[in-house]
Amino acid sequence: MKKINIFIMSILIFTTVTLPSFAFSDTTEHWANNVIEEMSNYKIINGYEDNTFRPDEIMTRAEFVTVVNRILALQDESSKYIPDINRTDWFYSEIRKAVKVGIIQGNADGYIFPNDEITREEAIVILTRAFKLNQTTRKAKDFSDLSEISEWAKTEMHSAIIQGILTGYEDNTIKPKASITRAEALTLINRILPNILKTNVYQGLLTGNVVLYDDNIVLNNLTIDGNLIISNNALSTLKVNGVTVKKNVIISDKKHNSIEKIKVMGNIYEFSSEQEELSGYLNEEYGISFAIPNSSTVNLFSGESEIDYNKKDLIVIDAIQNEEFYLKNINTIAKLEIDKYDYLYKEIESGVIGKDYKYILFTDRNEKQMLVIKRDNVAYVLRFYNVESDNLIDNVLSTIEFFETEKIIDTKNVVYKNSKLSLKFTYKDKYVVVDDSYNTNVINDDKKFFKLFIQVNTITDIQEYNLNEIKLLLSSIVSKEGDIKETETFKIMNNNAIKFKTEADGKITYSLYVVIGNNLYNLIFKGDEYGMVEVGEELFNDIVNSLEF
């Protein structure tokens with residue numbers, strides 16, 4: 001039986017998905033134009049704002065691994081200490097993803113050198129790690145400068161030459177330490193991955209390595225005589241039936257249900273099959289860990305232990321547990337810490353770690369820094385002394401992880417979903433109790449810091465009023481409950497919303513009204529008098545920002 005090309009077979013079954021063309025202004029006459037166009041169509045590479053690709057510019061290590069990451073659709077990031085990247089770098093996340101799966105490795109001190117130009121031998125080693133290319137013990141003999149290949153790259157380079165992945169120059173050299181251009185990099189990838197599959201149904205025979213790059217791919221009675229690489233984009237919607245892979249399968253999860261439906265004649269590899277060796281700090285009592293360089297020392301502050309404050313890269317951590325912290329915001333907790341010292345601290349950064357925990361970073365006049373993190377009823381205070389390692393504080397902030405212990409149970413967001421009311425949002429169960437008894441007759445008498453009342457009324461003529469008229473009508477109702485301190489109008493999923501802040505007898509209440517069709521949704525947020533001033537508004541705003549109708 002004549003073997004039918006995979007793309008022809010696809011046309012016979014379904015209308016082929018046509019990819020748009022994204023021509024760059026400076027590649028039309030370039031020798032690598034076809035490859036550049038193809039990679040651009042797949043959105044594996046991007047051009048510049050002036051519609052150029054600059055194919056002959058040198059590629060950096062960060063740029064190269066970013067392209068590889070996109071092909072694999074990598075998601076998880078390393079928690080290692082990486083001294084030469086910080087969170088403001090465009091490649092910050094990409095480098096951490098590549099380190100996580102081991103396709104890029106640093107030197108003995110952990111330096112990655114992301115801005116360095118990538119050499120031909122470095123590129124081949126990275127591609128070999130990422131796509132599990134065949135290795136051979138044979139030695140290539142065709143080029144005059146093979147002796148210049150670095151010892152750590154010899155196997156990969158000789159294998160790439162023998163397989164025709166890496167070709168030489170007219171002067172019979174391979175130039176292993178020459179920097180690689182953007183066009184050359186894409187050409188290498190194209191030789192290794194001649195088949196990048198998008199959404200479609202595929203049957204027949206496919207020659208060479210295959211990447212499942214997109215979602216909703218169907219493989220039906222298909223034979224692949226190279227490696228099959230299943231990107232994270234393809235995993236959740238992939239359908240497989242009667243598939244044979246003559247070499248290896250590379251996937252992020254060996255236990256994925258697609259694997260058992262594939263006849264694999266080689267091996268099954270995960271993107272990364274090794275656990276990361278972490279150098280870091282772990283406090284099992286207070287459930288916190290973060291990455292640090294080998295030169296760093298972490299001491300737990302107890303008020304009695306002796307600490308050598310002259311040590312290089314010293315971090316002193318204090319974990320303070322206080323039930324009152326539930327109702328204090330990060331600013332109040334930080335002020336309590338600052339007030340313990342005679343010298344002044346200045347805030348230089350604030351934000352959120354993960355999705356829930358707020359932090360503030362301070363510095364004093366001597367450039368000593370203090371990091372304060374609020375985690376429900378616990379405050380972590382980290383003070384940094386004699387910092388010499390590159391990006392120490394930045395790495396600590398970016399690698400902090402929290403976990404449950406017997407002493408601390410994480411408060412996580414939970415989802416409220418009521419199909420009868422067509423309402424969905426997230427809230428912190430430890431803090432808030434939801435009372436929707438007005439509509440459901442189910443009374444919730446739980447005692448927590450804050451209570452959210454939900455009331456939905458049908459008002460048949462509400463569409464006859466404009467937003468200002470509705471606002472005036474609601475203001476007259478809300479003002480009966482207390483003095484209106486703030487009013488805000490905005491949109492939630494293209495629906496008009498009005499939020500009020502009222503005060504009565506020193507107690508604050510937040511009310512939200514949302515008009516959807518003839519229904520008026522009213523969310524009323526009340527709670528602990530002191531807590532409303534501190535964290536109540538934050539909690540209510542989190543609920544409002546997560547609302548879905």
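The model shown is predicted, which means the values in this text are computed figures rather than measured ones.
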Please assess Asp390 against Asn395 for the test side chain to side chain contact (heavy atoms under 4.5 Å, CB included), listing each intermediate value before the final yes or no. CA-CA 9 Å; Asp390 293 340; Asn395 269 257; over 6 Å; no
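- Between Ile85 and Pro114 the shortest heavy-atom distance is CG2-CG, 4.0 Å.
- Each salt bridge (Lys or Arg N to Asp or Glu O under 4.0 Å) pair with one or both residues in residues 110-131, not counting sequence neighbours, appears once here: Arg61-Glu122, Glu121-Lys177.
- Side-chain atoms of Asn232 come within 3.5 Å of backbone N or O of Ala73 as a donor-acceptor pair.
- Looking at Val372 and Phe362, their side chains come closer than 4.5 Å, going by heavy atoms from C-beta outward.
- With hydrogens and angles ignored, the 3.5 Å screen pairs no side-chain donor or acceptor of His256 with any backbone N or O of Ile251.
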Before you tell me yes or no, could you show the steps for Glu323 and Lys328 under salt bridge (Lys or Arg N to Asp or Glu O under 4.0 Å), namely the whole-Å CA-CA distance, both residues' side-chain angles and the distance that decides it to 0.1 Å? CA-CA 10 Å; Glu323 295 306 301; Lys328 295 183 186 294; over 6 Å; no
Before giving the answer on side chain to side chain contact (heavy atoms under 4.5 Å, CB included), spell out for Lys424 and Val415 the whole-Å C-alpha distance, their side-chain angles and the decisive distance to 0.1 Å. CA-CA 7 Å; Lys424 179 182 177 182; Val415 177; 3.8 Å; yes
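- In this structure, the side chains of Tyr427 and Asp542 stay at 4.5 Å or more apart for every pair of heavy atoms.
- Around NZ of Lys312, the count of heavy atoms belonging to other residues, nucleotides or ligands within 6.0 Å exceeds 12.
- Taking the salt bridge (Lys or Arg N to Asp or Glu O under 4.0 Å) definition, one finds that Glu548 meets it with nothing, sequence neighbours left out.
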Quick one, Asp109 with Tyr111, criterion side-chain hydrogen bond (donor to acceptor under 3.5 Å, both in side chains). Give me CA distance, side-chain angles, the key distance, then yes/no. CA-CA 6 Å; Asp109 296 319; Tyr111 285 81; over 6 Å; no
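- Distance NZ/Lys501 to CE/Met532: 8.5 Å, rounded to 0.5 Å.
- The two residues Thr426 and Ile543 come nearest to each other via the heavy atoms O-CG1, 3.5 Å.
- No donor-acceptor pair under 3.5 Å is formed between the side chain of Ser419 and the backbone N or O of Ser422.
- Taken from CZ in Phe540 to CZ in Phe525, the straight-line distance is 7.5 Å, to the nearest 0.5 Å.
- Listed here is the closest heavy atom pair of Ile317 and Tyr281: CG2-OH, 3.7 Å.
- Closest heavy-atom contact between Glu156 and Ile124: O-CG2, 3.6 Å.
- Side-chain atoms of Thr440 and Asp436 include a donor-acceptor pair closer than 3.5 Å.
- Of the charged side-chain nitrogens involved, none lies within less than 4.0 Å of a carboxylate oxygen, so that Lys255 and Glu270 do not count as a salt-bridged pair.
- Using a 4.5 Å heavy-atom cutoff, the side chains of Phe301 and Val381 are not in contact.
- Under the side chain to side chain contact (heavy atoms under 4.5 Å, CB included) criterion, Glu285 pairs with Asn283, Lys407, not counting sequence neighbours.
- Between Tyr416 and Phe425, the ring planes are parallel. Angles under 30° get that label, and only those over 60° would be called perpendicular.
- Within the 3.5 Å criterion, the main-chain N or O of Tyr530 finds a donor-acceptor partner in the side chain of Asp528.
- Note on residues 442-453: pairs passing side chain to side chain donor-acceptor pair (under 3.5 Å), not counting sequence neighbours, are Asp429-Lys448.
- Proximity of Leu452 to Val433: side-chain heavy atoms (C-beta onward) are nowhere separated by under 4.5 Å.
- No salt bridge links Asp76 with Lys100; every basic N to acidic carboxylate O contact stays at or beyond 4.0 Å.
- Within the 4.5 Å cutoff, the side chain of Tyr357 has heavy atoms near those of the Asp376 side chain.
- Between Phe549 and Tyr521, the two ring planes are perpendicular [angle over 60°; tilted spans 30° to 60°].
- A donor-acceptor pair under 3.5 Å is formed between the side chain of Asn227 and the backbone N or O of Lys132.
- Rounded to the nearest 0.5 Å, atoms CG (Asn386) and OG (Ser296) are 10.5 Å apart.
- Listed here is the closest heavy atom pair of Val378 and Phe325: C-CD1, 4.1 Å.
- With hydrogens and angles ignored, the 3.5 Å screen pairs a side-chain donor or acceptor of Arg96 with a backbone N or O of Ser78.
- Note that the CG atom of Leu382 and the CG atom of Leu371 stand 5.5 Å from one another [nearest 0.5 Å].
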Between Leu212 and Leu238, is the side chain to side chain contact (heavy atoms under 4.5 Å, CB included) condition met? List the steps. CA-CA 9 Å; Leu212 306 186; Leu238 177 63; 3.7 Å; yes
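- Residue pairs meeting the side chain to side chain donor-acceptor pair (under 3.5 Å) criterion with at least one partner in residues 366-375, sequence neighbours excluded, are Arg375-Tyr380, Arg375-Asp410.
- Panel note: side chain Tyr213, backbone Tyr42; a donor-acceptor pair is recorded below 3.5 Å.
- Between the side chains of Asn329 and Thr332, at least one donor N or O sits under 3.5 Å from an acceptor N or O.
- Under the 3.5 Å distance criterion, with hydrogens and angles disregarded, no donor-acceptor pair is assigned to the side chains of Asn115 and Thr60.
- Listed for the Asn86 side chain is no donor-acceptor partner under 3.5 Å among the backbone atoms of Asn391.
- In this structure, the side chains of Thr405 and Tyr286 stay at 4.5 Å or more apart for every pair of heavy atoms.
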Would Asn310 and Tyr385 count as a side-chain hydrogen bond (donor to acceptor under 3.5 Å, both in side chains) if you check the C-alpha gap in whole Å, the side-chain angles of each, and the deciding distance to 0.1 Å? CA-CA 8 Å; Asn310 294 315; Tyr385 301 89; over 6 Å; no
Per-pair distances, 0.1 Å, donor-acceptor, side chain in residues 481-495, under 3.5 Å, sequence neighbours excluded:
residue	atom	partner	partner atom	Å
Lys491	NZ	Asn496	OD1	2.9
Asn495	ND2	Ile492	O	3.2
Asn495	ND2	Met493	O	3.2

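- Within a 6.0 Å sphere centred on CD of Glu284, heavy atoms belonging to other residues, nucleotides or ligands number 12 at most.
- Atom OH of Tyr510 is separated from atom CG of Leu539 by 10.5 Å, given to the nearest 0.5 angstrom.
- Separating the CD1 atom in Ile45 from the CE atom in Met59 is a distance of 8.0 Å, to the nearest 0.5 Å.
- For the residue pair Asp84 and Gly110, the shortest heavy atom distance occurs at OD1-O, 4.3 Å.
- Ring geometry, Tyr326 versus Tyr431: the interplanar angle exceeds 60°, so the pair is classed perpendicular (tilted spans 30 to 60°).
- Counted by atom type alone, Glu388 and Ser295 present zero donor-acceptor pairs between their side chains at under 3.5 Å.
- Electrostatic pairing of Lys428 and Glu538 does not count as a salt bridge here, judged by no charged N lying under 4.0 Å from a carboxylate O.
- Using a 3.5 Å distance cut-off with no hydrogens or angles, the side chains of Ser398 and Tyr92 do pair a donor with an acceptor.
- At least one side-chain heavy atom of Ile180 sits under 4.5 Å from a side-chain heavy atom of Leu188.
- The neighbour count for Gln321 CD, taken as heavy atoms of other residues, nucleotides or ligands under 6.0 Å away, is above 12.
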